[in-house]
Enquirer: 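Please read through the structure below; I'll follow up with questions.
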Amino acid sequence: MEVLRYRDTRGLDPSRPTFSEVILTGLAGGGGLHLPESLPSLPLPEILALANEPYHRRVARVLEAFRPDIPDDRIATTTAAAFGGAFDDPAVTPLKEVGSGSFLLEEWHGPTAAFKDLALQCLPRLIAESLGMHAEDGADIDDLLILVATSGDTGSAALAGFADTPRCRMVVFYPETGISETQRLQMLHHQSRNSAVIGVSGSFDDCQSLVKSMFEDDDWSGDIHDRHHLRLSSANSINWGRIPIQIASWVSAYADLAARGGVRPGDPVDICVPTGNFGNVLAAWYARRIGVPFGRLICASNENDALTRFLDTGIWDITTRELIGTPSPSMDILISSNLERLLFEVSGDDGRVRRWAEDLAATGRFEADRETMTAIRDVFTGDSVSNDDSLGTIRQMHLETGYLFDPHTAVAWEVGRRQRGRAPLIVVSTAHWAKFGEDIYRALNGIRFRDPLPD
């Protein structure tokens with residue numbers, strides 16, 4: 001079977017790379033993002049049958065459906081290693097019913113207690129496999145310098161996933177303020193011989209812009225190559241390699257829900273995702289495209305509500321307000337990189353996407369056309385939650401059910417409650433509450449977000 005090739009969102013990279021080449025590169029030429037030239041199809045009986053398979057086989061099946069140039073037996077070995085022992089629940093992403101017809105998809109059972117572990121336990125192994133495969137073919141392959149921007153959770157997950165991975169070095173950039181103390185300590189106390197962690201005076205958006213500028217600076221990247229024989233890659237979700245692994249979690253969730261009787265096979269399920277960089281909810285959209293019977297995809301934002309306003313108006317504008325500190329720092333993002341993939345998939349026009357990207361870079365805003373927004377709104381809806389409302393949701397749900405949310409999950413739960421329709425609802429729980437101890441204390445004791453804690 002012919003392997004699947006990839007294009008880029010801005011139409012500036014004519015190389016049509018394979019999956020292994022895409023994940024080694026990270027970002028497409030010209031600053032665009034890679035996406036597949038076509039999408040596979042998973043028949044419903046095959047999706048349902050995955051409920052009888054271990055999680056690593058579910059991920060392997062989805063990866064295989066995208067026809068990578070990595071052999072199926074190596075995909076199977078890689079996913080078995082990634083999900084065979086690093087997660088504290090054998091289901092990896094267990095589905096818990098919390099209230100009638102509302103389910104939590106717990107994606108935080110990995111080594112750093114955040115959903116980023118799902119992709120970042122697997123992607124480093126796929127990258128190592130790709131490096132080895134190309135070396136075996138006689139190609140002159142440089143080692144990789146993995147650049148990572150983090151709003152809190154990606155950094156520690158990437159450090160854990162790439163720890164001492166052969167032929168890979170890593171630099172993580174994180175905002176010095178605005179992340180939880182536990183998130184900061186997870187990164188700074190990580191021990192490996194191939195990584196460095198650098199604090200940036202600014203926000204995640206500043207870290208992300210810094211990483212992208214390094215990719216786009218040919219002189220700088222050329223100097224890194226000439227001096228150190230390194231080429232750049234990324235572990236952020238701008239790297240397509242993270243997306244199909246996340247798609248697999250959505251395929252798995254529907255299979256599990258149908259198997260337990262939470263939905264009749266083939267009936268729709270709505271999804272609510274706390275989202276900052278748009279990667280996880282984009283993966284749900286791709287899962288829907290390849291055959292998972294998802295209904296509405298609900299995007300939950302905190303007070304940094306650029307995505308909610310975009311869904312309402314069709315205008316992405318980061319000039320009208322500054323980034324706000326929240327109890328859910330992993331969502332404190334004003335520029336959602338993966339939205340660019342959705343804009344291309346819906347519009348089919350790399351020229352328009354390129355102009356929108358240029359407008360955003362030059363003026364801090366762009367406006368999508370009516371046809372594109374109509375297609376997006378057919379599937380997506382969104383809402384935002386205030387800081388104090390998110391803490392209030394934590395307190396209320398703990399009193400009512402005994403279940404303790406982290407602040408990101410609380411944002412999604414509240415938005416899901418507001419947007420709830422007739423279909424069953426899956427709300428994503430993206431991190432363990434213990435990573436955000438101070439704000440959990442505030443929530444349980446009824447202390448407002450901006451009020452000081454008692455001595």
Side-chain angles (χ1 to χ4, degrees), residues 40-63 65 79 83 87-110 115 117-119 243-275 279-300 379-381 397 401 403 405 408-410 412-431:
S41 177
L42 288 180
L44 181 61
E46 187 172 341
I47 293 171
L48 299 174
L50 290 175
N52 300 315
E53 298 285 348
Y55 191 83
H56 69 88
R57 276 301 310 152
R58 304 179 192 191
V59 179
R61 177 64 193 97
V62 171
L63 285 169
T79 58
F83 299 104
F87 291 78
D88 65 17
D89 190 300
V92 179
T93 57
L95 198 63
K96 306 258 180 96
E97 188 167 12
V98 183
S100 178
S102 293
F103 299 85
L104 277 175
L105 183 64
E106 293 183 345
E107 293 191 335
W108 43 258
H109 287 274
F115 88 95
D117 289 321
L118 294 176
I243 304 299
I245 304 168
Q246 205 66 47
I247 294 171
S249 75
W250 291 113
V251 175
S252 174
Y254 190 89
D256 282 342
L257 187 61
R260 67 189 292 173
V263 64
R264 289 185 302 180
D267 282 357
V269 175
D270 291 341
I271 301 300
C272 187
V273 185
T275 189
N280 202 355
V281 73
L282 177 72
W285 183 84
Y286 276 115
R288 189 179 189 270
R289 285 285 307 275
I290 69 175
V292 180
F294 286 154
R296 294 178 307 147
L297 306 182
I298 305 168
C299 301
V379 180
F380 289 89
T381 187
M397 288 304 298
T401 69
Y403 195 99
F405 293 153
H408 306 77
T409 305
W413 187 266
E414 176 60 20
V415 169
R417 184 192 65 78
R418 296 176 189 175
Q419 301 282 337
R420 179 73 189 272
R422 294 184 176 181
L425 176 69
I426 296 177
V427 176
V428 181
S429 181
T430 55

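Values reported hereafter were calculated over all heavy atoms of this structure, with side chains retained and with hydrogens, waters and symmetry mates removed.
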Enquirer: State which residues pass side chain to side chain contact (heavy atoms under 4.5 Å, CB included) with P43; sequence neighbours excluded, sorted by chain then number.
Expert: P45, E46
Enquirer: Quick one: closest heavy-atom pair of V59 and I245, and the distance?
Expert: CG1-CG2, 4.3 Å
Enquirer: Excluding sequence neighbours, so at least two apart, what forms side chain to side chain donor-acceptor pair (under 3.5 Å) with T275?
Expert: none
Enquirer: Can you confirm whether the side chains of S429 and W108 place a donor and an acceptor under 3.5 Å from each other?
Expert: yes
Enquirer: Can you list the residues that meet the side chain to side chain donor-acceptor pair (under 3.5 Å) rule with T93, with sequence neighbours excluded?
Expert: none
Enquirer: Using 0.5 Å steps for rounding, measure from the SG atom of C299 to the CG atom of N280.
Expert: 10.5 Å
Enquirer: Take L425 and I298, measure what side chain to side chain contact (heavy atoms under 4.5 Å, CB included) needs, and give me the verdict at the end.
Expert: CA-CA 10 Å; L425 176 69; I298 305 168; 4.2 Å; yes
Enquirer: So, do R58 and V92 sit near enough that their side-chain heavy atoms are less than 4.5 Å apart?
Expert: no
Enquirer: Side chains of L50 and E53, heavy atoms from C-beta outward: is any pair under 4.5 Å?
Expert: yes
Enquirer: Looking at every non-hydrogen atom in both residues, tell me the closest pair between I426 and A253 and how far apart they are.
Expert: CD1-CB, 4.3 Å
Enquirer: Mind running side chain to side chain contact (heavy atoms under 4.5 Å, CB included) on V428 and F115 for me, showing each step along the way?
Expert: CA-CA 9 Å; V428 181; F115 88 95; 5.6 Å; no
Enquirer: Using a strict cut-off of less than 4.0 Å between a Lys/Arg side-chain nitrogen and an Asp/Glu carboxylate oxygen, indicate whether K96 and D89 qualify as a salt bridge.
Expert: no
Enquirer: With rounding to the nearest 0.5 angstrom, report the OG to CG distance, S252 to L118.
Expert: 9.5 Å
Enquirer: Side chain to side chain donor-acceptor pair (under 3.5 Å) with R418: which residues, sequence neighbours excluded?
Expert: D383, E414
Enquirer: Using ring pair (Phe, Tyr, Trp, His ring centres under 6.0 Å) as the criterion, list what pairs up with Y254, not counting sequence neighbours.
Expert: none
Enquirer: Do E97 and F103 have side chains that approach each other closer than 4.5 Å (heavy atoms only, starting at C-beta)?
Expert: yes
Enquirer: For the pair R420 and S102, evaluate side-chain hydrogen bond (donor to acceptor under 3.5 Å, both in side chains) and give the outcome as yes or no after the intermediate values.
Expert: CA-CA 9 Å; R420 179 73 189 272; S102 293; 2.7 Å; yes
Enquirer: Work out which heavy atom in P244 is nearest to a heavy atom in V62; give both atom names and the distance.
Expert: O-CG1, 3.6 Å
Enquirer: Determine, stepwise, if the pair L257 / L95 fulfils side chain to side chain contact (heavy atoms under 4.5 Å, CB included).
Expert: CA-CA 7 Å; L257 187 61; L95 198 63; 3.7 Å; yes
Enquirer: Under the side chain to side chain donor-acceptor pair (under 3.5 Å) definition, can you give me all pairs with a residue in residues 260-273, not counting sequence neighbours?
Expert: R264-D267, D270-R296
Enquirer: The criterion is side chain to side chain donor-acceptor pair (under 3.5 Å); which residues satisfy it with H109, sequence neighbours excluded?
Expert: D88, E106
Enquirer: Taking only residues two or more places apart in sequence, or in another chain, which ones meet R57 in a salt bridge (Lys or Arg N to Asp or Glu O under 4.0 Å)?
Expert: E64
Enquirer: Among residues at least two apart in sequence or on other chains, which ones pass ring pair (Phe, Tyr, Trp, His ring centres under 6.0 Å) with F83?
Expert: Y55, F87
Enquirer: Listed by chain and number, what are the side chain to side chain contact (heavy atoms under 4.5 Å, CB included) partners of A49, not counting sequence neighbours?
Expert: none
Enquirer: Can you give each donor-acceptor pair under 3.5 Å made by side-chain atoms of residues 281-294, sequence neighbours left out, with the distance rounded to 0.1 Å?
Expert:
residue, atom, partner, partner atom, Å
Y286, OH, E345, OE2, 2.6
R288, NE, F294, O, 3.0
R288, NE, G295, O, 3.2

Enquirer: List for me each residue that meets side chain to side chain contact (heavy atoms under 4.5 Å, CB included) alongside A300, sequence neighbours excluded, and say none if there are none.
Expert: C272, V411, A412, V415
Enquirer: At their closest point, which heavy atom of T430 faces which heavy atom of P274, and how far apart are they?
Expert: CG2-CG, 3.6 Å
Enquirer: With no hydrogens and no angle check, is any side-chain donor or acceptor of T409 less than 3.5 Å from a backbone partner on F405?
Expert: no
Enquirer: Would you name the heavy atoms of A255 and A51 that are closest together and state the gap between them?
Expert: O-CB, 3.7 Å
Enquirer: Measure across T79 and A60 and return the closest heavy-atom pair with its distance rounded to 0.1 Å.
Expert: OG1-CB, 3.6 Å
